[in-house]
Amino acid sequence: MNNRFLKNILILLLASALVFVVFRYISYLRENIRSLEGQKQSLEYQKQSLSQELEKEKNTVEQLKLKNDSLKGNLKAAHKRLNKSFLALSQSEKRAEELSSQADILKAENNALSEEKARLVGDNEAFKSRLTSIPELKKAIQELKRQARLEGNRGFLIKNGKSTSVVKVKIEVTPASGK
């Protein structure tokens, strides 16, 4: 009996150890299940949080796309204005060159006219001095008579519908200014 009793005690000890191990294993599994459920809840919360962040990012990206499109439109308009400005600038430069060349031409004409005026004023002074002195005036009258004789009327009083007779000229003599 002793053997059988020891066997039964050994079986009982093994059975109780087995029951103890099974209960420990079941409690370990329950803790893991609770832990997994907690992790699942945590993951669900993270999923919701990430979904919300994703929606915010989508909204932000959409707003940035709209802003980008708006800025592209503004950029195109700025390019058009800039091109128009460059075109206007080039036209203004061409116009300025034309006006500059015209101004140079006008300056040259003005210089030529000034020189001609100075020459004419000199000629006028020479004529005034010549025609205001009586001896010079007599010489001028004789010269005119000589030219009239050279041309001559060839005996005609009227030639080609015009009178060939000498027209009387009234000459006034004024003294020259004392320059």
Side-chain angles (χ1 to χ4, degrees), residues 10-132 140 144 147 160-162 167 169-172 174-179:
L10 187 61
I11 290 175
L12 188 62
L13 272 174
L14 282 176
S16 63
L18 182 65
V19 169
F20 178 72
V21 168
V22 168
F23 279 123
R24 284 289 287 167
Y25 183 69
I26 290 173
S27 71
Y28 172 75
L29 287 178
R30 283 184 182 163
E31 285 177 21
N32 279 344
I33 290 172
R34 281 189 210 128
S35 172
L36 288 175
E37 285 177 356
Q39 286 178 353
K40 182 181 175 183
Q41 289 175 351
S42 173
L43 289 174
E44 285 293 325
Y45 176 74
Q46 285 180 354
K47 179 183 171 185
Q48 289 176 353
S49 174
L50 289 174
S51 294
Q52 289 174 351
E53 286 183 32
L54 181 64
E55 286 299 318
K56 287 180 185 178
E57 289 298 320
K58 283 181 181 178
N59 289 338
T60 303
V61 166
E62 188 64 31
Q63 290 174 350
L64 288 175
K65 282 182 182 179
L66 291 174
K67 188 174 182 179
N68 191 17
D69 291 342
S70 172
L71 290 175
K72 282 181 182 179
N74 290 342
L75 183 62
K76 286 180 182 178
H79 277 293
K80 286 181 182 177
R81 286 193 305 265
L82 191 58
N83 287 337
K84 286 180 183 178
S85 297
F86 280 130
L87 182 62
L89 177 64
S90 66
Q91 289 175 347
S92 296
E93 287 174 347
K94 286 179 183 177
R95 181 69 178 144
E97 288 174 5
E98 290 173 2
L99 290 176
S100 175
S101 65
Q102 287 177 357
D104 291 340
I105 291 169
L106 289 175
K107 284 179 184 178
E109 286 179 8
N110 189 24
N111 289 337
L113 289 174
S114 295
E115 291 173 2
E116 187 177 347
K117 178 186 173 192
R119 184 185 57 80
L120 290 175
V121 166
D123 289 347
N124 190 22
E125 289 297 321
F127 284 131
K128 278 185 183 179
S129 65
R130 183 176 172 203
L131 295 178
T132 54
L144 285 174
Q147 283 179 359
N160 295 331
K162 295 182 183 175
V167 179
V169 177
K170 182 178 179 181
I171 298 175
E172 292 183 21
T174 57
S177 60
K179 284 188 179 178

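Index from 1, following the sequence.
No donor-acceptor distance shorter than 3.5 angstrom exists from the side chain of S100 to the backbone of A96, with no hydrogens or angles considered.
Residues K47 and L43 form no side-chain contact, since every pair of their non-hydrogen atoms from C-beta on lies 4.5 Å or further apart. H79 is listed as a side-chain neighbour of L75, based on a closest heavy-atom distance under 4.5 Å. By the 4.5 Å heavy-atom criterion applied to side chains, L99 and Q102 are counted as neighbours. With contacts defined as side-chain heavy-atom distances shorter than 4.5 Å, the pair E31/S35 does not qualify.
Here the OH-CG distance, from Y45 to L50, works out to 10.5 Å after rounding to the nearest 0.5 Å. How far OG of S70 is from CD of Q63: 13.0 Å, rounded to the nearest 0.5 Å. Residue N74 holds its CG atom at 11.0 Å from NZ of K67, rounded to the nearest 0.5 Å. Taking CD of Q39 as the start and CG of N32 as the end, the distance is 9.0 Å to the nearest 0.5 Å. Between R30 atom CZ and S27 atom OG the span is 8.0 Å, to the nearest 0.5 Å. Note that CG of L36 is 12.0 Å distant from OG of S42, once rounded to the nearest 0.5 Å.
Within a 6.0 Å sphere centred on CZ of R119, other residues, nucleotides and ligands contribute more than 12 heavy atoms.
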Report task. Walk me through it: do L113 and K117 pass the test side-chain contact (heavy atoms from CB on, under 4.5 Å)? Result -> CA-CA 6 Å; L113 289 174; K117 178 186 173 192; over 6 Å; no
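A salt bridge does not link E37 to R34: none of the charged side-chain nitrogens sits closer than 4.0 Å to a carboxylate oxygen.
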